[in-house]
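Letters A, B, ... are given to chains in the order of the sequence lines, protein chains preceding strands, and every chain is numbered from 1.
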Amino acid sequence: MKSYFLANLTSIEVVKLAENGVESSKMSINDEVGVVIDEDFFEKALSVLAKKVTNESKTEYEGLYRVTLVPAVDSTRHCVRIETWDGENKQAFKAIIEEVLLPITKKNIIVYVPHGHSHTLSLGENEFYIAIWSSPAGDRCEVPPENLWGHKVSCRDSAFISTGQGFQIVDPETDYAVAELIENCLYIHHDICHHGDNYEFAIFRHILGAVVEELCISPKKRLARSLREREIKRAAYVTECNRGFQERVSSLQNSLQEIKNDIEKYQLKLVKAIRLASETQVILGSLQEKNSNSEDKYAVQYDELFKIDSIRDIFISTNIISCITDVLFCTDPRSGKKHEIGAFRINIYLDGSEHCVRWFNRTRRVDGCKSGMQAPHVFPNGNACLGNMEEVFPELVANYEFTSLILMAIQFIETVNVNDDAGKYIDRWPLAKNIKKNLRKKGEAE
Amino acid sequence: MSDFITVRVGKLPGKIQEIALNGDRSVEDALKASEIDPAGFEVRVNGRPATTDTSLSDGDTVLLVKKITGN
């Protein structure tokens, strides 16, 4: 560690150091009055004072060195030269460069305005270059923020982005890289000299101030800054990766839950399907058992149908068994009188269509609850108001119990419920005794 | 004496720290508060020679410097 003793500074110089953030402490050595400055601030102090060291010697105190300073640069020897310009208030910009940057660079400063074009500057070691609205490479692909360091950006034309080759000068509010310092070349990315107004001057001063700070920073501080920036980027990297990881974990957890839900759903479906298969197996077994030797059984069944008194004939067509009956009668329980309903064709639909059974009166139609009723409980289209028989017929069809089904279909015609809106009209069918002579005998053609 | 004062304290070469003092305000108090051992060092207040008994005012700087001694 070293500290430097700077003797005979003026009070103005001491104030200037303080204003530029250089810490100093008063000190007197052998009646010589001055300030001591820690080595970390020494380079900046020289820059602020625009002086250089001509002599360095030990003092009588440990770690404290006395330095003799002389003006670092004769500013009359260096100048600012505007090589190309496309904007307003050229002289004002030049004055700002002379005031802020020239004392620090200790080199001639050459200004170019490539005006929106990339521009590779020819580097000369003894010169410092400024390129306004340019970059060494790339195209304009970013609109600058509305404000930089709180000052309005007057020209909103598209700007360049940093190449990443150098030190980026960034507006802290917007994180926008306003300029890039690559060795001794400063590239300002947007058109900062379009209007030449006070906003542009203020932003320009900020940029040059940042350049001064960068040029004056000690290697130690530059290293510390680099490490700090790396640490910040490392933390951001960790945060970002961890966020992505957490999102992935969360997504997978959700997916897993959905899959578990699906498994549960499919398990329920599977159980239902197994049960259904089991039940179907039982029904199939029962049916097969019942219908073993089915051809013999149906042949017997066909013969049995003709043993039913009321049946005159049976016709078979695809999916339909048609049963032709004698005249069927029904007694009105209210009067005890027997009414002739008529001879019927009863169709059995083997595929379960048409409500399994339809009745067609071959003798007459009567106006009952509706005009042209086939029977008290059978509508003109042959469908019946089945009441409590509704589930019986499909079950008999399903089980191929046609003998029972036809018996029940006949019985349905021969039974009446006079308490319902259809059955109460049975008295509109003719009385049996009056039309006995009109009965057709079994075997007559329809 | 109830108001705080701020003074800067440090060894040369090295960093100077800023501390606040209340009540007693001697160099010794400032060194104790800064946990700096003055043994073997010369004391300077605002660059001028001083002792550990020297009273301090707001804004004073206390520096400890060690003289180089021969073999």
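To the nearest 0.5 Å, atom OG of residue A:S25 and atom CG of residue B:D60 are 11.5 Å apart.
The minimum heavy-atom distance linking A:T59 with B:I68 is given by the pair O-CD1, 3.4 Å. B:K67 approaches A:E62 most closely through the heavy-atom pair O-OE2, 4.3 Å.
For residues 2-9 of chain A, heavy-atom neighbours of chain B at less than 4.5 Å comprise A:K2, A:S3, sorted by residue number.
Counting only residues at least two apart or in different chains, side chain to side chain donor-acceptor pair (under 3.5 Å) contacts with residues 207-218 of chain A comprise A:E214-A:R222, A:E214-A:R225.
Among residues two or more places apart in sequence or in another chain, the ring pair (Phe, Tyr, Trp, His ring centres under 6.0 Å) test is passed with A:H206 by A:W149, A:H151. With sequence neighbours excluded, the residues satisfying salt bridge (Lys or Arg N to Asp or Glu O under 4.0 Å) with A:R66 are A:E32.
When each of A:K58, A:K26, A:E60, A:M1 is checked for heavy-atom pairs under 4.5 Å with chain B, A:E60 comes out on top. Interface remark: of the candidates B:G14, B:G47, B:G10, B:G47 forms the most heavy-atom pairs closer than 4.5 Å to chain A.
Surrounding CD of A:E146 are at most 12 heavy atoms belonging to other residues, nucleotides or ligands under 6.0 Å away. Heavy atoms of other residues, nucleotides or ligands lying less than 6.0 angstrom from CZ of B:F41 number more than 12. By the 6.0 Å contact criterion, CG on A:L227 is enclosed, its count of non-hydrogen atoms from other residues, nucleotides or ligands being greater than 12.
The parts of B:L12 that come within reach of chain A are both its backbone and its side chain, each placing non-hydrogen atoms under 4.5 angstrom from that chain.
Under the 3.5 Å distance criterion, the side-chain polar atoms of B:R44 are matched with a main-chain donor or acceptor of A:S28.
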